[in-house]
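For reference, the structure is listed below as C-alpha cells.
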Amino acid sequence: MISIADNLDKVSKSIKKAETDSARPEGSVSLLPVSKTQSAETLTAAIELGLDCFGENYLNEALAKQNALQECLSEQAYQALVWHFIGPIQSNKTRAIAEHFDWVQSLDRIKIAKRLNEQRPTQRQPLAVCIQVNVDDEATKSGISLTELDALAEQVAELPNLQLRGLMAIPAAKASAEQQAQSFARMQQAFKQLKAQYPSVDTLSMGMSGDMALAIAHGSTMVRVGTALFGARAPKA
Ligand SMILES: *Cc1c(COP(=O)(O)O)cnc(C)c1O
C-alpha cells in the first residue's frame, strides 16, 4: 500500500535539499504532481493533503477526472485547482484543452498555439504556456529544437489569449550524470535568454521523479513528479 502522504513528505524534502545544495532560496521550486493514469480517488486523496495542481497527459482521461472531482468537491475547492496539460497535443483536441486547462506545457507548434489562442474563452485568464524543447533532439520526442526557439517564442508572445511563461523539457536519459547535466545546462541557458526578452517568463519546467535534484541544480523552477508521489503507473491499456 503506497502512502501519498509519506511520498509527498519525501519529495518535499528532496526538493528542499536540492534547493539548499544549489544555494537557491527555499520555495523557489514548485511541485507539479503528475496524475496521468491515477484515479479520481487518488487525486481526491492528494487534494486532502493540500496539493492543488495536477499535470495530465491524456485529454479524455483528464476530462473524466475533472468531472468526477467537480461532483465531489465544493465549488470553491474545485475552482482552486490548477490543471496543466503536459502531453502531446492533436489539433482536434485544442478546444477542450483551451477550455478546461490553466496551463499547457507541451506547446511546440505555432498552428496549435493559434488554435489555443482562438479557442481560449475570453472570460478566462490567458492560458499560461510553456514551449516544449526537445533538448537532445530525439526523434521520438515532442518539442522543438533549441535553434527554433526564438522564432516560435516571438510568435507565441504576440497571441493575446496566451501568456508565455517559459520552457518545458524532458531530457533523454544519459549514461552519466555529467552528460545529463549538459542537457540541463543548455535548458538553463535558453531559459535565461528567454526570460531576458519576455517579462512574463518565469517557469523552467524540468526534472521528474528520477532527476529532480540535477534539474534543480540547473535552475528548474518546477518539477513534474508522478511515480515518486503516486507509485508506479499501471501500463496504459
Ligand atoms: C509522466 C510524466 C512526468 C512524470 O514522470 P515520473 O517519472 O513518473 O515522475 C513528467 N513529465 C511528463 C511530461 C510526463 O509525461
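Just so it is clear, the model here is predicted, and its values are computed rather than measured. Both counts, for ligands and for their atoms, begin at 1 and track the order of listing.
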So if I count the atoms of ligand 1 from 1 in the order they appear, which ones are less than 4.0 Å from some heavy atom of [X]?
| X | result |
| --- | --- |
| Ile170 | 13 (C) |
| Asn57 | 14 (C), 15 (O) |
| Val225 | 9 (O) |
| Thr227 | 6 (P), 7 (O), 8 (O), 9 (O) |
| Arg224 | 4 (C), 9 (O), 10 (C), 11 (N), 12 (C), 13 (C) |

- Any side-chain heavy-atom pair from Asp202 and Arg165 closer than 4.5 angstrom? yes
- Query: Which heavy atom of the protein is the closest neighbour of atom 9 (O) of ligand 1, given with residue, atom name and distance?
  - Reply: Ser209 OG, 2.5 Å
- Message: Please list the nearest protein heavy atom to atom 2 (C) of ligand 1 with its residue and the distance rounded to 0.1 Å.
- Response: Lys36 NZ, 2.5 Å
- What about Met208: any of its N or O atoms under 3.5 Å from an N or O on ligand 1? no
- Message: Using a strict threshold of under 4.0 Å (side-chain N to carboxylate O), is an ion pair present between Glu118 and Lys114?
- Response: no
- Classify the side-chain pair Gln105/His84 by whether it contains a donor and acceptor separated by less than 3.5 Å. yes
- Task: Assess the pair Phe54 and Trp83: is the distance between their ring centroids shorter than 6.0 Å?
- Result: yes
- Task: May I ask whether Arg233 has any heavy atom positioned less than 4.0 angstrom from an atom of ligand 1?
- Result: yes
- Message: Taking Met222's backbone N and O only, do any of them form a donor-acceptor pair with Ser220's side chain (distance below 3.5 Å, no angle check)?
- Response: yes
- Got a sec: does the NZ of Lys174 have more than 12 other heavy atoms crowding it under 6.0 Å? yes
- Task: Would you indicate whether Lys141, at its atom NZ, is surrounded by more than 12 heavy atoms from other residues, nucleotides or ligands within a distance under 6.0 Å?
- Result: yes
